[in-house]
A.B. asks: 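Mind looking over this structure? Questions follow.
Whatever order the structure lists ligands and atoms in, that order sets their numbers, starting from 1. Not measured: the values here are computed from a predicted model. Counting from 1, the numbers follow the sequence of the chain as shown.
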Amino acid sequence: MAALTLVSGSVGLITLQNPPVNALSSAVRQGIVDTVQRAVSDPQVKSVVICGQNGVFCGGADIKEFGKTMLGPPLVPMIHTIEAADKPVVAAIEGSALGGGLELALGCHYRITHSKARLGLPEVTLGLLPAAGGSQRLPRLIGVPAALDLITTGRHVTAAEALKLGIVDQVTDQSTVEAAVKFALSVEVQSLTSRRISTLPCPCPADVDALFEGVMQRVRQRGRGAIAPVACVQAVQAAATLPYAQGMEREQELMATLFTSGQARALQYCFFSQRAVSRWSLPSGARWDSTKPNPVTKVAVIGLGTMGRGITVALVQAGLSVVAVETHEQQMMAAQRAVSGMLERLAQRQGVPLALDRVRFSTELEAVADVQIVIEAVFEDMALKKQLFKQLSSLCPAETLLFSNTSSLDIDHLAAQTDHPQQVVGMHFFAPAHIMKLLEVVYGPRSAPQAVATAMELGKRMGKVSVAVGNCRGFVGNRMLMHYLEEALFLLEEGSSPESIDQALKEFGFPMGVFQMSDLSGLDVGWKVRKAQGLVEPGQMSRVRQGRRYSPLGDLLCEQGRFGQKTGQGWYLYDPAGSRTPRPDPWLQRFLEQYRARQGLVSRRIDSEEVLERCLYALINEGFHILHEGIAAGPEDIDMIYVFGYGWPRHRGGPMFYASQVGLARVLQRLEHYHQLHPDVPHLQPSSLLRQLVSSGSPPIQRWKEAIRKPHSAL
Ligand SMILES: CC(C)(COP(=O)(O)OP(=O)(O)OC[C@H]1O[C@@H](n2cnc3c(N)ncnc32)[C@H](O)[C@@H]1OP(=O)(O)O)[C@@H](O)C(=O)NCCC(=O)NCCSC(=O)C[C@@H](O)CCCCCCCCCCCCC(=O)O
């Protein structure tokens, strides 16, 4: 909806009314068309200001309408009518002007912006392009290079940058609407000829062809198979080379391809899922909207290795006071230097004051006695963590929350060491903890809802996408990953190579393949976990352990001291040790040949389809088990964990969304096929939830939750 009022005697003020972000739903578009028509034909109105209700100009087209029958007036002619008006139209931008919102503002003759507003054309992040004239008007207004940057990255700019680029005409710290009304009064009699952006020529640099070639190459590389950035470049190219009307035709043509694509559906699913996971619920029925988090100002971090340092930095950046504890003097000094350096670099990069005074370093555990939350980040060793939780329980007041940064250890065992198990929650950060967006918040059966609410809120303050998950071995992310890794090893045994497996996964859209990833994180990490599980038998080649197929390949490499990048050798060669560029290793090829010969394995050719099916469907199948057990509340939770923590290509929506796009029946059929071939691999046996969903007609992903009847903790 939109309302028209007359202000200051001659200004028609149009207010968009569609909370929370004034998205351009069909009703809003109709409201704009009606109010603009009334304002233009009203002789009392000499100029027009368009603003948004509640401090937000407009968040763009209503994404919820995509995929449905489009009703109401279309955006393009609506914006053309505004631009063609013979009375000056001023956009008063507060909060956000994004996507169609900015396109609407570009159709206006002037733009006045509040200093705290953000502007941008983020359509590419939704698998689209700015198709309400944005791809044609923005380059005409700010030039091709700057427009290419904004449109292909979707990044938001501040009001100050928007002014510098020439997107807006004025920035104000005061009331934007008042400033816009004043401005409108001042331009009522001025000519509008040079203010209609669509009529302007598109300023191009001399080497425009080379520019497009370079940008196209970059977006293809960065996009890892995403089609929208490529279409964005093509649309801007049309602006640079064609008259406006033909450019618009090209914009619409490119949009038509994107609009119905699977990638757009996946990216829009990610947009809503990212927001949905903050609305957590527990099997007990406790929920985000009925549980208040504790107020938090001071947090302690114990253990200042790589993870502890990253967590400390993230907390300081969130504005919290931090007590950072490392009981070994020398390690504490090294950590202090490292954390200070990280904070200094971040302050410099972000142009904000250095906040070193918010961290106090200590070697005394007693220093944590007055904080509201303790985050334990010591070495991943159950005995060590148990002992620490026992100490913390006697040291801290009953109301202190005790969080453990663990990637796989049982939260219930840690809670059992304390007098107040309801205060214990797991916080699985991903390295580097001050950069990676994902946080798994792990609740046990005894965790209090308030403790979970506080952990989720803390994650949000640190800028994380926090996902609440139940307690089980590996939680959600690592539990699924285990089968992905195992399948990759089995494929090696059967004849594949690290290079061809990694290549297939990179072509799928992962930033790196499974073997490159293992080399980066260190092969010794998994080795330690397998040792703790009793799976490692030094020097042994047996391929059945604990009653199921097992590949000792990783253990054999570790026994040779090949731990990956840090030792210069792993699945690849790194020269010098610590270098990040993997090179195929002829030694490994010989080693695999000898291994297969000793095991009596006949090598066969394995294509990329099999690599993807075996690795990804094994991972997805575990996702269905996790959903069935209630460890994750819904498929969105799993998908956001994979998109934000494991490099799953966002344009494929996450593993569970991908399964829904491939078709559940197809996934089930392929799993059945591979399980028949490999009956000693239990993780290839299709989950009963998958079977149930297929037999109920493969409902859309939004309706899977209806099939999961009784969620519960696995432990
Ligand atoms: C705006 C924000 C920055 C605000 O952030 P904040 O943190 O304050 O709040 P939240 O993000 O939590 O959001 C609150 C709430 O609002 C929902 N929401 C936000 N934005 C939208 C939106 N645009 N639409 C709908 N809903 C929105 C959000 O989901 C939250 O609700 P929830 O219940 O989920 O908690 C921030 O929200 C933000 O960044 N928003 C998105 C901004 C954006 O990306 N905008 C671009 C939208 S796409 C667009 O504008 C496209 C246009 O360029 C062109 C459209 C032309 C269409 C023409 C179609 C032609 C097709 C032809 C094909 C024909 C094919 C054929 O059939 O042949």
A.B. asks: Test of understanding: given a 4.0 Å heavy-atom threshold, classify the contact between Ala61 and ligand 1 as side chain, backbone, both, or neither.
C.D. replies: both
A.B. asks: Among Ala256, Ala276, Gly99, which residue places a heavy atom closest to atom 46 (C) of ligand 1?
C.D. replies: Gly99
A.B. asks: For ligand 1, which is the ligand I care about here, please tell me if Glu123 has any N or O atom under 3.5 Å from one of the ligand's N or O atoms.
C.D. replies: yes
A.B. asks: Is Pro130 in polar range of ligand 1, meaning some N or O pair under 3.5 Å apart?
C.D. replies: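 N/O-N/O distance below 3.5 Å does not exist for this pair.
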A.B. asks: Below 4.0 angstrom, counting only protein heavy atoms, does anything approach atom 44 (O) of ligand 1?
C.D. replies: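 Neighbour list for atom 44 (O) of ligand 1 includes protein heavy atoms (cut-off 4.0 Å).
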A.B. asks: Is there side-chain contact between Asp637 and Val467, with heavy atoms separated by less than 4.5 Å?
C.D. replies: yes
A.B. asks: Taking only non-hydrogen atoms of Pro20, do any sit less than 4.0 angstrom from ligand 1?
C.D. replies: yes
A.B. asks: Is any side-chain heavy atom of Gln53 closer than 4.5 Å to one of Asn22?
C.D. replies: yes
A.B. asks: Any idea which atoms of ligand 1 are less than 4.0 Å away from a heavy-atom of Gly60?
C.D. replies: 50 (O)
A.B. asks: Quick one: are Val465 and Val277 in side-chain contact, heavy atoms under 4.5 Å?
C.D. replies: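 They are in contact (side-chain heavy atoms under 4.5 Å apart), so the answer is yes.
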A.B. asks: Would you check if Leu104 and Phe57 make a side-chain contact, meaning some heavy-atom pair closer than 4.5 Å?
C.D. replies: yes
A.B. asks: So which heavy atom in the protein is nearest atom 59 (C) of ligand 1, and how far is it from that ligand atom?
C.D. replies: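 The protein heavy atom lying closest is Phe259 CE1, 3.9 Å.
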A.B. asks: Aromatic contact between Tyr658 and His651, with the criterion being ring centroids under 6.0 Å apart: yes or no?
C.D. replies: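 No, the ring of Tyr658 stays outside the 6.0 Å limit from the ring of His651, centre to centre.
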A.B. asks: On the ring face of Phe508, is Arg652 found with NZ or CZ under 6.0 Å from the centre and within 45° of the axis?
C.D. replies: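 Verdict for Phe508: a cation-pi partner in Arg652.
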A.B. asks: Kindly confirm or rule out an N or O of His156 lying under 3.5 angstrom from an N or O of ligand 1.
C.D. replies: no
A.B. asks: For atom 66 (C) of ligand 1, what is the nearest protein heavy atom, given as residue, atom name and distance?
C.D. replies: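 Heavy-atom neighbour on the protein nearest atom 66 (C) of ligand 1: Thr260 CG2, 4.5 Å.
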A.B. asks: For the residue pair Trp648 and Phe510, categorise the inter-ring angle as parallel (less than 30°), tilted (30 to 60°) or perpendicular (more than 60°).
C.D. replies: perpendicular
A.B. asks: Which atoms form the tightest heavy-atom contact between Ile197 and Arg137, and what is the distance?
C.D. replies: CG2-O, 3.3 Å
A.B. asks: Can the positive tip of Arg275 be found less than 6.0 Å from the middle of the six-membered ring of Phe271, inside 45° of the ring normal?
C.D. replies: yes
A.B. asks: Less than 6.0 Å separating the ring centroids of Phe644 and Phe430?
C.D. replies: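 No, ring centres 6.0 Å or more apart.
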A.B. asks: Could you find the nearest protein heavy atom to atom 55 (C) of ligand 1 and give me its residue, atom name and distance?
C.D. replies: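 Going atom by atom, the protein heavy atom closest to atom 55 (C) of ligand 1 ends up being Leu75 CD1, 3.9 Å.
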A.B. asks: Between Arg279 and ligand 1, which part of the residue brings a heavy atom under 4.0 Å of the ligand: side chain, backbone, both or neither?
C.D. replies: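 Answer for Arg279: side chain.
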A.B. asks: Do Asn18 and Leu24 touch side chain to side chain, with heavy atoms closer than 4.5 Å?
C.D. replies: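 They are not in contact (no side-chain heavy atoms under 4.5 Å apart), so the answer is no.
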A.B. asks: Does Gln252 reach ligand 1, in the sense of a heavy atom lying below 4.0 Å from it?
C.D. replies: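 Outside the 4.0 Å threshold, so no.
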A.B. asks: Taking non-hydrogen atoms only, is Val56 closer than 4.0 angstrom to ligand 1 via side chain, backbone, both or neither?
C.D. replies: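 Near ligand 1, Val56 shows nothing, with every heavy atom at 4.0 Å or more.
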A.B. asks: Of the protein's non-hydrogen atoms, which lies at the shortest distance from atom 10 (P) of ligand 1, and what is that distance?
C.D. replies: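 The closest one turns out to be Arg275 NE, 3.6 Å.
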A.B. asks: For atom 68 (O) of ligand 1, is some protein heavy-atom partner under 4.0 Å away?
C.D. replies: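 No, there is none.
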A.B. asks: Against heavy atoms of Leu126, which atoms of ligand 1 measure under 4.0 Å?
C.D. replies: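 Going through ligand 1 atom by atom, the ones under 4.0 Å from Leu126 are 44 (O), 46 (C), 47 (C), 48 (S).
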A.B. asks: For atom 42 (C) of ligand 1, what is the closest protein heavy atom, and at what distance to 0.1 Å?
C.D. replies: Gly59 O, 3.3 Å
A.B. asks: Counting heavy atoms only, which of Asp62, Leu121, Val124 comes nearest to atom 25 (C) of ligand 1?
C.D. replies: Asp62
A.B. asks: Does any part of the side chain of Leu211, heavy atoms only, come nearer than 4.5 Å to the side chain of Pro205, both counted from C-beta?
C.D. replies: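 Answer yes - side chains close enough.
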A.B. asks: Protein heavy atom under 4.0 angstrom of atom 5 (O) of ligand 1, is there one?
C.D. replies: no
A.B. asks: Using a strict 4.0 Å cut-off to heavy atoms of Leu98, name the atoms of ligand 1 that fall inside it.
C.D. replies: 1 (C), 3 (C), 39 (O), 42 (C)
A.B. asks: Quick test of your reading of the model: are Glu161 and Arg155 salt-bridged, counting only N-O distances below 4.0 Å?
C.D. replies: yes
A.B. asks: Glu636 vs Gln274, test: side-chain hydrogen bond (donor to acceptor under 3.5 Å, both in side chains). Steps then yes/no.
C.D. replies: CA-CA 8 Å; Glu636 302 87 355; Gln274 184 176 342; over 6 Å; no
A.B. asks: I'd like to know if Arg703 and Glu706 make a salt bridge, using a cut-off of under 4.0 Å between side-chain N and carboxylate O.
C.D. replies: yes
A.B. asks: Looking at Gln217, I want to see if its CD is surrounded by more than 12 non-hydrogen atoms of other residues, nucleotides or ligands under 6.0 Å.
C.D. replies: no
A.B. asks: Suppose we measure from atom 17 (C) of ligand 1 to each protein heavy atom; which comes out shortest, and what is that distance?
C.D. replies: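 That would be Lys64 NZ, 4.5 Å.
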A.B. asks: Among all protein non-hydrogen atoms, which one is nearest to atom 58 (C) of ligand 1, and what is the separation to 0.1 Å?
C.D. replies: Met255 CE, 4.4 Å
A.B. asks: By number and element, which atoms of ligand 1 are closer than 4.0 Å to a non-hydrogen atom of Ala131?
C.D. replies: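 Reading through ligand 1 atom by atom, the close ones are 53 (O), 54 (C).
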A.B. asks: Does the protein put a heavy atom less than 4.0 Å from atom 29 (O) of ligand 1?
C.D. replies: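 Yes.
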A.B. asks: Give the numbers and elements of all ligand 1 atoms closer than 4.0 Å to a heavy atom of Phe272.
C.D. replies: 29 (O), 34 (O)
A.B. asks: Check each atom of ligand 1 against the heavy atoms of Ile63 and keep those under 4.0 Å away; list them by number with element.
C.D. replies: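 Result: 22 (C), 23 (N), 24 (N), 25 (C).
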A.B. asks: Can you establish whether the number of heavy atoms outside Gln37 located under 6.0 Å from its atom CD is more than 12?
C.D. replies: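 Atom CD in Gln37 is not packed in, count stays at 12 or less.
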A.B. asks: Pick whichever of Leu258, Val21, Thr257 has a heavy atom sitting closest to atom 20 (N) of ligand 1.
C.D. replies: Val21
A.B. asks: Please work out whether any backbone atom (N, CA, C, O) or any side-chain heavy atom from C-beta onward of Glu103 is under 4.0 Å from ligand 1, and answer side chain, backbone, both or neither.
C.D. replies: side chain
